[in-house]
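Written below as structure tokens is the structure these notes are about.
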Amino acid sequence: MYKHCNTEESARRQRQLEQCLLELMDEVPYSAITIGQICQQAGVSRKSFYRYFDSKEGALHALLDHTLMAYESFPLIYSEGEKRTLVREL
């Protein structure tokens, strides 16, 4: 699980940790990534990590949720009748 951020600064830090997880997943399998590696990549302490997430899985859920929320907020830019797809927008 991940925590709701009340300030812009805490939301920015949470997204930074999510981004570090994504960068690490580009290099090694998710199952091999540790919270310590995420913290090292982000330059924060484990205590800071746990301020935002309960676990590595919580960070992954936050990453997925925030990515989907960003995707859903994209304006429709295709001509009428064309379907909007994730592949197309990427």
Side-chain angles (χ1 to χ4, degrees):
M1 205 65 176
Y2 62 95
K3 298 166 177 83
H4 175 73
C5 295
N6 294 323
T7 67
E8 194 67 34
E9 176 65 22
S10 63
R12 185 191 62 73
R13 179 59 57 110
Q14 187 179 54
R15 299 305 176 282
Q16 177 192 14
L17 287 162
E18 294 167 21
Q19 185 62 39
C20 289
L21 173 59
L22 183 62
E23 290 168 4
L24 286 167
M25 288 191 312
D26 194 36
E27 300 169 10
V28 296
Y30 171 77
S31 60
I33 296 170
T34 66
I35 290 172
Q37 289 173 308
I38 298 169
C39 294
Q40 183 178 15
Q41 181 91 358
V44 301
S45 67
R46 289 178 74 88
K47 183 178 178 180
S48 291
F49 178 89
Y50 286 111
R51 189 174 296 139
Y52 303 104
F53 311 106
D54 293 336
S55 64
K56 179 176 78 167
E57 290 75 21
L60 179 62
H61 289 165
L63 174 62
L64 293 171
D65 284 351
H66 293 131
T67 300
L68 287 173
M69 283 190 278
Y71 168 73
E72 290 173 350
S73 69
F74 286 151
L76 293 176
I77 57 172
Y78 304 121
S79 62
E80 196 169 320
E82 286 186 276
K83 290 190 177 183
R84 180 177 173 211
T85 66
L86 182 59
V87 171
R88 189 166 194 179
E89 293 200 20
L90 289 175

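The chain is numbered in sequence order, starting from 1. All values below come from the heavy atoms of this structure, side chains included, with hydrogens, waters and symmetry mates left out. These numbers come from a predicted model, not from an experiment.
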Approximate separation, where rounding is to 0.5 Å, of S10 OG and R15 CZ: 8.5 Å
Main-chain N/O of I38 paired to K56 side chain as donor or acceptor, under 3.5 Å: no
Euclidean distance, E18 CD relative to H66 NE2, rounded to 0.5 Å: 5.5 Å
Gap between atom CG of L24 and atom CD1 of I33 - 0.5 Å precision: 5.0 Å
Full working for side-chain contact (heavy atoms from CB on, under 4.5 Å) between R12 and T7: CA-CA 9 Å; R12 185 191 62 73; T7 67; over 6 Å; no
L60 reachable from L68 in the ILVMFWY side-chain graph, under 4.5 Å edges: no
Crowding at CD, E57 (>12 non-hydrogen neighbours, <6.0 Å): yes
Nearest-0.5 Å distance, CG of residue L22 to CG of residue D26: 7.0 Å
Atom CD of E27 with >12 non-hydrogen neighbours under 6.0 angstrom: yes
Any side-chain heavy-atom pair of Q41 and L17 under 4.5 Å: no
Atom pair CD/SG of Q37 and C20 - distance to nearest 0.5 Å: 11.5 Å
Shortest non-hydrogen contact from A62 toward F53: CB-CE2, 3.6 Å
Rounded distance (nearest 0.5 Å) linking atom CD of Q14 with atom CZ of F49: 10.0 Å
